[in-house]
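These notes concern the structure reproduced below.
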Amino acid sequence: MGTPSRQAGRSRRGRPDDSFYQQVYRLARLIPRGQVATYGQIAWLLGVPRGARAVGWALRAVPGGAGVPWQRVVNAAGRVSEGRSRSEVVLQRFLLEQEGVVFDENDRIDLEIYGWERPA
DNA sequence: CGTATGACGAGCC
DNA sequence: AGGCTCGCCATAC
């Protein structure tokens with residue numbers, strides 16, 4: 001059936017058939033409830049300091065119900081990225097607030113407080 | 001295989 | 001402080 005046809009040999013660490021997206025999802029699942037990480041941080045942890053945009057692509061393709069806390073990833077400014085539709089933005093903020101994350105008057109999250117401290 | 005896109009980021013004005 | 005531009009990386013076509 002549909003051949004996977006994906007260049008798996010390009011994967012960094014992990015398994016050879018593990019795509020960058022899967023790596024992003026796996027790492028995103030490690031973000032504890034009530035905390036947030038930035039796209040750049042995820043990219044950096046994956047070994048691609050400048051791959052923040054690629055991380056955004058990965059999270060954007062997250063299938064619903066995949067168990068990936070996509071809401072816990074925001075931009076370096078501590079703000080929820082625009083996304084495709086405004087509803088998604090509102091939803092992301094809603095979900096974060098439910099976890100206890102607080103937004104200031106400028107719709108910003110204080111990363112010094114809620115920023116995820118990468119695991120050891 | 002080359003071009004274009006996009007939930008980013010840092011620098012510059 | 002706020003807004004605009006260029007650069008980076010991984011997919012889609």
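Computed from a predicted structure; not experimentally measured. Protein chains get the first letters and strands the later ones, always in sequence-line order, with residue 1 at the start of each.
- dT11(C) atom P lies 11 Å from atom CG of L46(A), rounded to whole Å.
- Under the side chain to side chain contact (heavy atoms under 4.5 Å, CB included) criterion, A66(A) pairs with V62(A), P63(A), V68(A), sequence neighbours left out.
- For the segment residues 57-71 of chain A, residues with any heavy atom less than 4.0 angstrom from an atom of DNA chain B are, sorted by number, W57(A), L59(A), R60(A), W70(A).
- When DNA chain B is scanned 5' to 3' for any atom under 4.0 Å from a heavy atom of chain A, the first and last hits are dT5(B) to dG9(B).
- The residue G56(A) sits close to a base: some heavy atom pair falls under 4.0 Å.
- Rounding to the nearest 0.5 Å gives a distance of 7.5 Å between OG of S19(A) and OH of Y25(A).
- From L91(A), atom CG reaches atom CH2 of W70(A) across 4.0 Å, with rounding to the nearest 0.5 Å.
- Within 4.0 Å of Q92(A), counting heavy atoms only, lies at least one base atom of the nucleic acid.
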What's touching nucleotides 1-7 of chain C from the protein side, N or O pairs under 3.5 Å?
unit_1: dG7(C); atom_1: O6; unit_2: R53(A); atom_2: NH1; d: 3.1

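- L45(A) contributes atom CG, which lies 11.5 Å from atom CD of Q23(A) (distance to the nearest 0.5 angstrom).
- Among pairs with a residue in residues 57-70 of chain A, none fulfils salt bridge (charged side-chain N to carboxylate O under 4.0 Å, His left out), at least two apart in sequence or across chains.
- When rounded to the nearest whole Å, the span between CD of Q23(A) and C1' of dC9(C) equals 13 Å.
- Applying the side chain to side chain donor-acceptor pair (under 3.5 Å) rule to pairs touching residues 88-107 of chain A yields Q71(A)-E99(A), R72(A)-E99(A), R93(A)-E97(A), R93(A)-D107(A), sequence neighbours excluded.
- No side-chain heavy atom of V24(A) sits under 4.5 Å from any side-chain heavy atom of L27(A).
- Apart from V36(A) itself, the hydrophobic cluster it occupies contains V74(A), V80(A), V89(A), L96(A), V101(A), V102(A), F103(A), I109(A), L111(A), I113(A), Y114(A), where clustering links Ile, Leu, Val, Met, Phe, Trp and Tyr at side-chain heavy-atom distances under 4.5 Å.
- Side-chain contact between Y21(A) and V55(A) is absent, with no heavy atoms from C-beta onward closer than 4.5 Å.
- Residue pairs meeting the side chain to side chain donor-acceptor pair (under 3.5 Å) criterion with at least one member in residues 30-56 of chain A: none, sequence neighbours excluded.
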